[in-house]
Amino acid sequence: TGQHWLSIAKDGKIVFTETWSNNLGILDPRTGEIQKVPGIGGNKSLDPEGYVWGTCGGDSVCKFDPKTAKPIQKYPMKVSEGTYGNEVSRDGRYFGGGTPWQDNFDGLVFLDIQTGEVIEAPTPSGSADPSRGGFDPDGNLWTGGRGGLISVYDRRTKQVRDYVPPTPFVTFYEAKPDMNGEVWAGAQRGGRIVR
């Protein structure tokens with residue numbers, strides 16, 4: 001089935017996607033029962049209210065109803081064809097993701113859910129290939145890059161900064177900020193965890 005993403009909901013249920021079968025799964029750990037909803041696969045995110053977020057149609061950030069797998073809100077993108085890392089901030093205010101593998105845009109997509117503003121910000125290097133990440137306590141989006149950089153979208157300046165690691169030839173699949181704002185990532189091909 002290809003489980004790809006999972007998150008724990010407020011009620012303790014585990015929400016996950018099955019990439020190849022294109023299902024959303026909801027596991028109740030108290031009973032062991034798994035409910036499957038067809039139509040949501042891939043890399044998604046769960047907001048504090050239990051809605052699932054990701055991209056849809058190749059041109060929009062979408063909020064999905066987890067009971068029906070139908071998009072209930074769409075936020076059009078202009079340049080991005082989708083995001084791989086789909087993250088929602090802990091407070092449910094922001095959505096963001098990187099755009100790896102897209103030939104005509106190397107950048108981050110940032111959505112202010114409250115205002116509906118979608119910003120597609122290019123990386124300064126043009127070769128970060130940003131992938132998965134998360135939000136720091138200030139609402140800035142961090143991603144690890146397959147191009148060997150860690151990128152951050154600063155929500156106040158609306159700009160992206162790239163950081164070059166001290167270890168040559170490493171790449172990053174993900175960069176996750178913790179509750180203190182420190183960012184952690186695994187340095188692929190480098191045998192290290194970086195902070």
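In this structure, Asp28 contributes its side chain and Gly32 its backbone to no donor-acceptor pair below 3.5 Å. A donor-acceptor pair under 3.5 Å is formed between the side chain of Gln102 and the backbone N or O of Val79. Using modelled atom types, no side-chain atom of Lys74 and backbone atom of Pro71 make a donor-acceptor pair closer than 3.5 Å. Using a distance-only test at 3.5 Å, with no hydrogens or angles considered, no donor-acceptor pair links the side chain of Thr17 to the main chain of Asn43. Glu87 places no side-chain N or O within 3.5 Å of a backbone atom of Phe95 that could act as its donor or acceptor partner.
Tracing side-chain contacts under 4.5 Å through hydrophobic residues (I, L, V, M, F, W, Y), one never reaches Leu46 starting from Leu27; they form parts of separate clusters. Under a hydrophobic-cluster definition in which Ile, Leu, Val, Met, Phe, Trp and Tyr are linked whenever side-chain heavy atoms come within less than 4.5 Å, directly or via other members, Val170 and Val183 are assigned to the same cluster. Under the 4.5 Å side-chain heavy-atom criterion for ILVMFWY residues, no single connected hydrophobic cluster contains both Phe105 and Val118. One hydrophobic cluster, built from ILVMFWY side chains closer than 4.5 Å, cannot hold both Val160 and Val152; they sit in different ones. Hydrophobic clustering places Ile72 together with Met77 (ILVMFWY residues linked when any side-chain heavy atoms are closer than 4.5 Å, directly or through intermediates).
Atoms CD1 and CG, on Ile113 and Asp91 in that order, are 8.5 Å from each other to the nearest 0.5 Å. Rounded to the nearest 0.5 angstrom, Asn140 CG and Arg161 CZ are separated by 7.5 Å. In this structure, Tyr173 OH and Arg146 CZ are separated by 5.5 Å, a value rounded to the nearest 0.5 Å. Expressed to the nearest 0.5 Å, how far OG of Ser89 lies from CG of Leu141 amounts to 10.0 Å. Atom CZ in Phe16 sits 5.5 Å away from atom CD in Gln3 (nearest 0.5 Å). Annotation: the span from Ile26 atom CD1 to Asn23 atom CG amounts to 11.0 Å, rounded to 0.5 Å.
If you check the side chains of Gln188 and Thr171, you find a donor sitting under 3.5 Å from an acceptor. Asp162 and Ser125 are linked by a side-chain donor-acceptor pair at a separation below 3.5 angstrom, with hydrogens and angles left out of the test.
Annotation for Ile8: atom CD1 does not count as buried by contact number, only 12 or fewer foreign heavy atoms lying within 6.0 Å. Heavy-atom contacts from other residues, nucleotides or ligands closer than 6.0 Å to CZ of Arg30 number more than 12. Shown here is Glu182, whose CD atom has more than 12 heavy atoms of other residues, nucleotides or ligands within 6.0 Å.
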- [ ] Apply side-chain contact (heavy atoms from CB on, under 4.5 Å) to the pair Tyr153 and Ile119, showing each step before the final yes or no.
- [x] CA-CA 10 Å; Tyr153 173 80; Ile119 297 166; 3.1 Å; yes

TODO: Verify side-chain contact (heavy atoms from CB on, under 4.5 Å) between Leu24 and Gln35, making sure each step is shown before the conclusion.
DONE: CA-CA 8 Å; Leu24 180 75; Gln35 173 191 3; over 6 Å; no

Task: Verdict with supporting geometry, Cys62 and Tyr75, side-chain contact (heavy atoms from CB on, under 4.5 Å) - done: CA-CA 6 Å; Cys62 294; Tyr75 303 87; over 6 Å; no

- [ ] Show your reasoning for whether side-chain contact (heavy atoms from CB on, under 4.5 Å) applies to Trp184 and Val194.
- [x] CA-CA 6 Å; Trp184 298 80; Val194 299; over 6 Å; no

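Residues Ser151 and Tyr163 are not in side-chain contact: their nearest non-hydrogen atoms beyond the backbone lie 4.5 Å or more apart. Residues Lys44 and Phe64 meet the side-chain proximity criterion, which asks for heavy atoms closer than 4.5 Å.
When the ring pair (Phe, Tyr, Trp, His ring centres under 6.0 Å) test is applied to Trp101, the partners found at least two apart in sequence or on another chain are Tyr84.
Of all heavy-atom pairs between Ser60 and Pro76, the closest is OG-CA, 3.8 Å. Closest approach of Phe172 and Gly148 over heavy atoms only: CE1-O, 3.8 Å. Nearest heavy atoms, Glu120 versus Lys78: OE1-N, 2.8 Å. Closest of all the heavy-atom pairs between Leu108 and Gly98 is CD2-CA, 3.8 Å. Between Pro130 and Pro100, the shortest heavy-atom contact is O-CD, 2.8 Å. Considering all non-hydrogen atoms of both residues, Thr55 and Thr83 come closest at CG2-OG1, 3.2 Å.
Taking the ring centroids of Tyr94 and Phe110, they lie under the 6.0 Å cut-off.
The pair Glu49-Lys63 does not meet the salt-bridge criterion, since no charged nitrogen lies less than 4.0 angstrom from a carboxylate oxygen. The existence of a salt bridge linking Arg93 and Asp112 is confirmed by a sub-4.0 Å separation between a basic side-chain nitrogen and an acidic carboxylate oxygen. Using a cut-off of 4.0 Å between Lys/Arg side-chain N and Asp/Glu carboxylate O, Glu117 and Lys158 are scored as salt-bridged.
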